Amino acid sequence: MAERTIPIADLRAAAAVPRVPDRPVAPTGLLADRLGRPLRDLRISVTDRCNFRCGYCMPKEVFDGRYPFLPHAALLSFEEVTRLARIFVAHGVRKIRLTGGEPLLRKNVERLVAMLAELRTVDGEPLDLTLTTNATLLAKKARALKAAGLQRVTVSLDALDDAVFRRMNDVDFPVADVLAGIEEALRAGLGPLKVNMVVQRGTNDHEIVPMARFFRDHYDGRVVLRFIEYMDVGNTNGWRMDRVLPSAQVLERLDAVFPLEPLEPSAPGETAERWRYRDGRGEIGLISSVTQAFCRDCNRARLSTEGKLYLCLFASRGHDLRALLRGGASDEQIAGAIGLIWSDRDDRYSELRGSGQAPVASGERKVEMHYIGG
Ligand code: SAM
Ligand code: SF4
Ligand code: SF4
């Protein structure tokens, strides 16, 4: 049973104001943390609200009409997000993913996309700019997003069976409208597109093969389906290990029907293990966050809706960059503060959990997924 409230005195407030070094050193793009991991990937949550109530992320009993979502003034403005993103890029970030909550609910999000699309990496290249969405508003927004400079999208879809999907999103939203969003995104040129399916044993694991068959047969390799292990993010989803279907079993079930062979990772720090259908009909991904930790290469930072920096999806404390932004710090000072924070990072929650150690101190609460994004 999910807990009713998150004491709002508040995990989201559990953030330290970052220390600004006395003499900031200009970013070199070569920042590394205590385990030698670079900073390459920034995920930015643009809203903590969502029009779905997926039980593994925002269960209805907790995220109801009484839940204190952030007031508008607490959110970073697009100018503030872009200013921080520019500093992160100077530190070596090459990929930015907009997420949420549901990022397409943020008004005029395409204006933010256009602002971020102007940024260049330390090597002078355009950023890899992408967005994760439940696709409820994608058919309407795909063209504007593409025109603004978005390169790709990832769509979340947990089942093709309409009754199963409506139950999982818990707001009775139909599969057909998500598929219409996918079609429109492909027509607008936002491909190749990834589809994420969170697999929960006993809820939608019978949909693994039908999902694979559908995306193989309909899209000529333009859609890569990725199976994600159900994770113990946040404190409210009532996570239990026996609801996780290990990726190895997903692979076994798929390989029995559509023989597969492994592919090389496309980039260091890539979360998905890639497999290709032997008959040449595209590829799939397996994201084994629970059974096979990939902390060793984790180069991802997360920026919450209100400007707190989290160094791990399972962190319990953030670093309040908004306090610096709104307290008059210079770009140089903020860059210096981010440099100190990343250099001190030693997070590796999944690895510790996997090796049987307690990854979170007792009494600590993890941050919620909808607030820092996936
Ligand atoms: N609302 C958007 C969506 O669903 O695509 C973006 C935000 S959502 C938090 C980002 C991703 O996190 C989604 O693909 C979602 O399925 C995944 N996710 C959320 N809770 C999860 C959990 N407990 N385990 C695994 N993946 C989860
Ligand atoms: Fe909303 Fe995405 Fe979370 Fe589902 S996974 S509740 S769509 S934020
Ligand atoms: Fe990265 Fe934390 Fe996930 Fe490990 S548990 S891969 S450090 S986000």
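This structure is a prediction, so every number in the text was calculated from the model and none was measured. In each ligand, atom 1 is the first atom listed, and ligand 1 is the first ligand listed.
Taking the six-membered ring where the residue is Trp, Phe165 and Phe173 present perpendicular rings, their angle passing 60° and hence far from 30°.
Among all protein heavy atoms, the one lying closest to atom 2 (Fe) of ligand 3 is Cys312 SG, 2.3 Å. The nearest heavy-atom contact from the protein to atom 3 (Fe) of ligand 2 is Cys57 SG, 2.4 Å. The protein heavy-atom contact nearest to atom 1 (Fe) of ligand 2 is Cys50 SG, 2.3 Å. Closest to atom 4 (Fe) of ligand 2 among all protein heavy atoms lies Cys54 SG, 2.3 Å. The nearest heavy-atom contact from the protein to atom 8 (S) of ligand 3 is Leu313 N, 3.3 Å. Among protein heavy atoms, the minimum distance from atom 7 (S) of ligand 3 is reached at Asp347 O, 3.5 Å.
Counted within 6.0 Å of CZ on Arg326, heavy atoms from surrounding residues, nucleotides or ligands total more than 12; the atom is thus considered enclosed. Environment of CD in Glu351: crowded, with over 12 heavy atoms of neighbouring residues, nucleotides or ligands closer than 6.0 Å.
Close approach of ligand 1 to Asn196 is summarised as follows: ligand atoms under 4.0 Å from at least one heavy atom of the residue are 14 (O). Which parts of ligand 1 touch Val198 is read off a 4.0 Å heavy-atom cut-off, strictly below it: atoms 16 (O), 25 (C), 26 (N), 27 (C). Within ligand 1, counting atoms from 1 as listed, the ones closer than 4.0 Å to a heavy atom of Glu102 are 1 (N), 2 (C). Distances below 4.0 Å separate heavy atoms of Thr99 from the following atoms of ligand 1: 6 (C), 7 (C). Every atom of ligand 3 is numbered from 1 in the order shown, and the set under 4.0 Å from a heavy atom of Ser350 is 5 (S). Near Phe314, meaning under 4.0 Å from any of its heavy atoms, are these atoms of ligand 3: 5 (S). Close approach of ligand 3 to Tyr349 (heavy-atom distance below 4.0 Å) involves ligand atoms 5 (S). Residue Asn134 has at least one heavy-atom neighbour below 4.0 Å for each of these atoms of ligand 2: 7 (S). Close approach of ligand 3 to Cys295 is summarised as follows: ligand atoms under 4.0 Å from at least one heavy atom of the residue are 4 (Fe), 5 (S), 6 (S), 7 (S). Atom numbering of ligand 2 starts at 1 in the shown order; those under 4.0 Å from a heavy atom of Gly101 are 8 (S). The contact set between ligand 1 and Asn134, taken as ligand atoms under 4.0 Å from a residue heavy atom, comprises 2 (C), 3 (C), 5 (O).
Between the side chains of Tyr349 and Asp232, at least one donor N or O sits under 3.5 Å from an acceptor N or O. For Glu102 and Thr133, the side-chain atoms include at least one donor-acceptor pair closer than 3.5 Å. Between Thr291 and Glu229, the side chains place a donor N or O and an acceptor N or O closer than 3.5 Å (distance only, hydrogens not considered). Using modelled atom types and a 3.5 Å distance limit, the side chains of Arg226 and Thr271 yield no donor-acceptor pair.
Residue side and main chain included, Cys298 places no N/O/S atom under 2.8 Å of atom 2 (Fe) of ligand 3.
In this structure a side-chain-to-backbone donor-acceptor pair under 3.5 Å is missing from Asn299 to Arg40. A donor-acceptor pair under 3.5 Å is formed between the side chain of Glu207 and the backbone N or O of Leu160. Judged by distance alone, the side chain of Lys146 and the main-chain N or O of Gly189 form a donor-acceptor pair under 3.5 Å.
Residues Leu70 and Leu325 are members of separate hydrophobic clusters, defined by side-chain heavy-atom contacts under 4.5 angstrom among Ile, Leu, Val, Met, Phe, Trp and Tyr.
Under a 4.0 Å heavy-atom criterion, Glu351 is not in contact with ligand 3. For Met197, the heavy-atom gap to ligand 1 stays at 4.0 angstrom or more.
Taking distance alone, with nitrogen or oxygen atoms compared against 3.5 Å, Gly100 stays at or beyond that limit from ligand 1. The distance criterion of under 3.5 Å between nitrogen or oxygen atoms is met by Tyr56 with respect to ligand 1. Residue contacts with ligand 1: Tyr230 is placed with no nitrogen or oxygen under 3.5 Å of a nitrogen or oxygen of the ligand (distance criterion only). Inclusion of Gly101 in the set of residues having an N or O under 3.5 Å from an N or O of ligand 1 is warranted.
Judged by a 6.0 Å distance limit and a 45° cone about the ring axis, Arg281 is not positioned over the six-membered ring of Phe258.
Both the backbone and the side chain of Thr132 come within contact range of ligand 1, each with a heavy atom under 4.0 Å. Counting heavy atoms closer than 4.0 Å to ligand 1, residue Val155 contributes nothing at all. Contact annotation for Arg302 and ligand 3: only side-chain heavy atoms (C-beta onward) come within less than 4.0 Å of the ligand.
Side-chain contact between Thr136 and Asp177: absent, with no pair of heavy atoms (C-beta onward) separated by less than 4.5 Å.
In terms of heavy atoms, Leu129 sits closest to Val113 at CD2-O, 3.8 Å. Residues Val93 and Asp41 approach most closely at CG2-N, 4.2 Å, considering heavy atoms.
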* Please report the C-alpha distance between Lys141 and Glu110 in whole Å, then the side-chain angles of each, then the deciding distance to 0.1 Å, and finally whether the salt bridge (charged side-chain N to carboxylate O under 4.0 Å, His left out) criterion is met. => CA-CA 8 Å; Lys141 295 224 168 203; Glu110 54 279 13; 3.3 Å; yes
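Considering only non-hydrogen atoms, atom 14 (O) of ligand 1 lies nearest to Ser156 out of Cys57, Ser156, Gly55. Of all the listed residues (Arg300, Arg348, Arg37), Arg300 holds the heavy atom that lies closest to atom 6 (S) of ligand 3.
Checking Ile96, Leu150, Val89 one by one against Leu116, the side chain to side chain contact (heavy atoms under 4.5 Å, CB included) holds for a single residue, Ile96.
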